[in-house]
Amino acid sequence: MTIRVYNTLSKTKEEFQTVTPGKVGIYLCGPTVYAEAHIGHMVGPVIFDTVKRYLVYSGYEVNLVVNITDVDDKLIKKATERGISMEEVANENIADYLHNLAALGVDQIDQMPKATETMDGIIAMVAELIEKGFAYASEGDVYFEVTKDPEYGKLTNRTVEAMQGEGGEAASRKRSPGDFALWKKAKAGEPSWKSPWGDGRPGWHIECSAMSKAILGETFDIHGGGLDLIFPHHENEIAQSECCHAKPMVKYWMHNGLLRSDPAAGKIGGRAEREGAAEAGGKMSRSGGAGGLAKLIERQSGERIRFFLLRTHYRSTILFSEEAIAEAGIGLDSFYRLFERYERLTGESFFDLPAAKTRKEGDFEPKKSELLVAIAKHRDAYLEKMDDDFNTGGAVSELFEMARLINKTIDQQKLEGDKSADLTNIKKAFSVLRELTGILGIFVTAPEKSSSGDSELVGQLMQLLIDVRASARQKKDFEMSDVIRDRLTAMGVTLEDRKEGATWRLG
RNA sequence: GGCGCCGUAGCCAAGUGGCUAAGGCAGUGGAUUGCAAAUCCACCAUCCCCGGUUCGAAUCCGGGCGGCGCCUCCA
């Protein structure tokens, strides 16, 4: 029951041991809020939300921090184009981001610091780096001097010598091309903060070093982000933080794989939009990219997207398509039918079932029930997989196995319609299912039933049709009963006949 | 060119040295049903190719072929 975590720094799975016993600090690189979120931005949050759930379930006290980078060249550009302030641009996109996170069931984030609210810490850190000889001021900018850090490049196995870069526009102000900006001098009209080096704003990487230090301390447990951030962002974070503090910054660097829209189109976010005319044939919209995420969520539901992401191991590349999400959704639906079955059986909602909140609490001795012996076995397998670097993809298979077992038991023991049946074991099995699905952040709350004013009327009309059809069936008037059912099917309503009467559902 | 990842059934995807290679979607056959739907049962892969290590490899090593990422302020 030890958790093992793949560490990008060591390129191996390591046994998880926290800096402070029983406590875990996680810092996830959040978005730079210059545009609406696309689905790629959701991957990290969904994964680390799940990681936190599992660590909490395993008995840890977890502090999950996701930052917002709200000062950056792209934000300034956007603000200028639209003639509004950088803050307004940021606020719009933060609202969009939060809305999308909520839709995907990401509710485990404890703190969301903003770069602009950490300016004192950023300036103090830059000053300390200069003082310690790792950074230098140059014409109002401040650069980190990579050659002063003997360990520079350790995360990505690069050497300073191998850094081919030409240094970009700032080359003339840098001592060597690999040096990166800690502080950038403000141009006229740009948002800026006062500093010992003149008015300016932070470079890209320093805000994460400053925010993580302020909230989680100089050494913390897990730092996460997309694979694309390893270099240069995380490499530079390590350099800054460790040169500043002379101690390891992070115990485990965890990087999630990226989403791809389709083999030809390439990646989803990032630079593609800058490729001008090429624009890869509108792949952003096709991929639910910029502007498309909210609509995608409306069409497919956030939970489907979450499940789709969690079906695959977090370090894998996921080939994204709406079809693939819909397919994952079919699997999810089978659980919902099982939950409806639970409701028919017990008269209670699956979503009201009490379930263990921790692994210890959930441990149980199955005793004589064949069902519970099997359930316990799959629960163990599920937890073993989660222990192994949060293998959610493998864990999901155990959930399907459990669902099958429960359905099978209900079938074989003919529990439906049997009022006198002993449901103790079945309830226990469902409760274990609830315990484990909760770790993935799925099936947490009952799905929203249509709250529109006419839903009651629809329900009554449906009941009328069902009653009429039942009476036709009783008279063996199958022509009539089939017409009713076929017409409903054509409308997207599925009827299911049962001994206790028919039920209906959309889809 | 440098650093790194990946190639498992029609599709998606676990497994990374040893029981019958998870699970999902799709499909086929069966149980159930008036017929369906839902559910259950059964069937459905020897793991890109070649060579090596080993008693034994999808799993390790070498070489191919193929796909992808980073090296450019993209999660």
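So you know, we letter chains A, B, ... as the sequences are listed, proteins then strands, and number each from 1. It should be emphasised that the depicted structure is a prediction, and the values quoted were computed from it without experimental measurement.
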Self-check item: is_close_aromatic(His255(A), His234(A)), centroid dist under 6.0 Å
Solution: yes
Quiz item: Only one of Asp388(A), Asn7(A), Asp389(A) clears side-chain hydrogen bond (donor to acceptor under 3.5 Å, both in side chains) with Lys13(A); which?
Solution: Asp388(A)
Quiz item: Would you say U39(B) has OP1 or OP2 under 4.0 Å from some side-chain N or O of Arg337(A)?
Solution: yes
Quiz item: Does A38(B) have OP1 or OP2 sitting under 4.0 Å from an N or O in the side chain of Asn407(A)?
Solution: no
Self-check item: Face-to-face contact Phe400(A) to G23(B) six-ring, under 5.5 Å, under 30°
Solution: no
Let's see if you can work this out: which of [options] has an atom nearest to the side-chain heavy atoms of [X]?
X	options	value
Arg260(A)	A75(B), A37(B), C68(B)	C68(B)
Arg404(A)	G24(B), A75(B), C41(B)	C41(B)
Tyr34(A)	A75(B), C71(B), A36(B)	A75(B)
Pro31(A)	A75(B), C70(B), U39(B)	A75(B)
Ser397(A)	G23(B), A14(B), G34(B)	G23(B)
Glu496(A)	C35(B), C71(B), A37(B)	A37(B)
Lys408(A)	A75(B), C70(B), C40(B)	C40(B)
Arg485(A)	A36(B), C41(B), A75(B)	A36(B)

Quiz item: Looking at side-chain heavy atoms only, is the closest gap between Leu309(A) and Ile47(A) below 4.5 Å?
Solution: no
Quiz item: Quick one: are Asp497(A) and Arg469(A) in side-chain contact, heavy atoms under 4.5 Å?
Solution: yes
Between [N] ([atom2]) and [X] ([atom1]): distance, integer Å:
X	N	atom1	atom2	result
Lys499(A)	U33(B)	NZ	C1'	10 Å
Leu338(A)	A38(B)	CG	C1'	11 Å
Gln474(A)	G34(B)	CD	P	13 Å

What is the nucleic acid contact for [X], judged by heavy atoms within less than 4.0 Å: base, sugar-phosphate only, or nothing?
X	answer
Arg469(A)	base
Asn157(A)	sugar-phosphate
Arg473(A)	base
Leu258(A)	base
Ser316(A)	sugar-phosphate
Ser481(A)	base

Quiz prompt | Pair assignment for G10(B), Watson-Crick or G-U wobble, requiring both distances under 3.5 Å | solution = C25(B)
Practice problem: Assign each of Lys11(A) and Glu327(A) to its nearest nucleotide of RNA chain B by heavy atoms, then name whichever residue's nucleotide is nearer the 5' end. | Solution: Lys11(A)
Quiz item: For Asp73(A) and Asp497(A), take the nucleotide of RNA chain B holding the closest heavy atom to each; which residue's nucleotide lies nearer the 5' end?
Solution: Asp497(A)
